[in-house]
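Report on the structure given below.
All ligand and atom numbering here is 1-based and tracks the order in the structure. All figures in this text were calculated on a predicted structure; none of them were measured in a lab.
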Amino acid sequence: MKDKVVLAYSGGLDTSAAIKWIAERHDMDVVALSIDLGMERDYESIRQKALKVGATKALVVDAKAVFITDYVFPALQADAIYEGQYPLATALARPLIAKLLVDTALQEGAAAVAHGCTGKGNDQVRFDVSTAALAPHLKIIAPAREWGMTREQTVEYAQRHGIPVPVTADSPYSVDENLWGRSVECGVLEDPWVEPPEEVYTLTKAPADAPNEPLYIEIGFEGGIAVNLDGQELDGVALVEGLNSLAGEHGVGRIDHVENRLVGIKSREIYEAPAATVLLLAHLALEQMTLSRDQIRFKQRMAQEYADLVYTASGPCRLCPEHAAPCHRDS
Ligand code: ARG
């Protein structure tokens, strides 16, 4: 019997190629795990695609509710915003995805987990560090970090193995999305002189195209957590979804940030975070009304600390003093 690996599967080109590549290179059975964090996608066809490409099993988990209650809302209570700009949508989701990979690996008796991250970004560190914390015995396979293929070679590899290559495979951007926001990087965005082309945005209207009339909304908070919208009690998922469309429609939530990555490079990122922008601002305004001066000062410092911990998924790297978090050499 072959060893099993549980792969975080998005249905995109890289993770599809990864199914084949792991099976060939590591001679393992691949269990594909797709996680619904609020991206509107047809998860059943993603599941079918995984099986078609060669996964021995394909699972879908709806993790929207736990993402909001256990990851997003604590970050809202903490006012967690990285470098004053980024509400941390991608960073908050990675440890949850890692946890679900580990849970599934334990259920399946797998020897490894796998993710589609490259060796340049923060996400690999978050997956690696979280997995090592939860289940140090599991091996971590990161095909896109190991295979050394360019984009063109990956497309060619996919074609050679009968993996459907989406028309969007030549999108120059790397995108990640969940309920708390959407992150876009690469392509022309890497030049900070370039104004992001309108095509990078999908959740927000250009402010110039947004309605002229302002929209008033009332948000009810309890214990630092949003619980109702315009007087209507809503669970966290529905509230964030509702606010994403209302604020996005009004051109709220575009963020253009040159950010300090934890792997030691700067990168230009475009974020869309309509609900997060509104909720974080509203929460800060509420605290300004209710906390003392010293409480506010203290909270601001803690908020920054909290945001750094979420962003880096850990403390500093033990091997490389120049890295703000363990790099993959230390996992
Ligand atoms: N720079 C952001 C972060 O580190 C967003 C990363 C987006 N990831 C992606 N694969 N496009 O949290």
Looking only at protein heavy atoms, which one is nearest to atom 4 (O) of ligand 1, and how far off is it?
Asn122 ND2, 2.7 Å
Glu269/Arg261 salt bridge by N-O under 4.0 Å criterion
yes
May I ask you to establish whether Arg254 and Tyr201 are in a cation-pi arrangement, using a distance under 6.0 Å from NZ or CZ to the six-membered ring centre and at most 45° from the ring axis?
yes
Note the single closest protein heavy atom to atom 6 (C) of ligand 1, along with its residue, its atom name and the distance in Å.
Glu185 OE1, 3.7 Å
Determine the minimum heavy-atom distance between Ile81 and Ala307, stating which atoms define it.
O-CB, 3.5 Å
Heavy-atom closest pair, residues Ala110 and Leu138
O-CD2, 3.4 Å
Heavy-atom closest pair, residues Ala238 and Asp235
N-OD1, 2.9 Å
Please report, to 0.1 Å, the donor-acceptor pairs under 3.5 Å made by any side chain of residues 16-32, with sequence neighbours excluded.
{"unit_1": "Ser16", "atom_1": "OG", "unit_2": "Tyr9", "atom_2": "OH", "d": "2.9"}
{"unit_1": "Ser16", "atom_1": "OG", "unit_2": "Gly12", "atom_2": "O", "d": "2.7"}
{"unit_1": "Lys20", "atom_1": "NZ", "unit_2": "Val53", "atom_2": "O", "d": "2.7"}
{"unit_1": "Glu24", "atom_1": "OE1", "unit_2": "Tyr157", "atom_2": "OH", "d": "3.1"}
{"unit_1": "Glu24", "atom_1": "OE2", "unit_2": "His161", "atom_2": "NE2", "d": "2.9"}
{"unit_1": "His26", "atom_1": "NE2", "unit_2": "Glu146", "atom_2": "OE1", "d": "3.4"}
{"unit_1": "Asp27", "atom_1": "OD1", "unit_2": "Lys2", "atom_2": "NZ", "d": "3.3"}

Look only at interatomic distance and state if Arg261 has a nitrogen or oxygen under 3.5 Å from any nitrogen or oxygen of ligand 1.
no
Tell me which protein heavy atom sits closest to atom 11 (N) of ligand 1, plus the residue, atom name and distance to 0.1 Å.
Ser174 OG, 2.9 Å
Hey, is ligand 1 close enough to Ser183 that some N/O pair sits below 3.5 Å?
no
Heavy-atom distances under 4.0 Å are what count here, so tell me which part of Arg126 touches ligand 1: side chain, backbone, both or neither.
side chain
Please state which protein non-hydrogen atom is closest to atom 1 (N) of ligand 1 and give its distance, to 0.1 Å?
Glu259 OE2, 2.6 Å
So which protein heavy atom does atom 12 (O) of ligand 1 come closest to, and at what separation?
Tyr86 OH, 2.6 Å
I'd like to check which ligand 1 atoms, numbered from 1 as shown, lie under 4.0 Å from a non-hydrogen atom of Tyr271.
1 (N), 2 (C), 5 (C)
For His115 and Phe127, take the angle between the two ring planes, folded into 0 to 90°, and tell me which bin it lands in: parallel under 30, tilted 30 to 60, perpendicular over 60.
parallel
re atom 8 (N) of ligand 1, the protein heavy-atom contact at minimum distance is Asp123 OD2, 2.9 Å
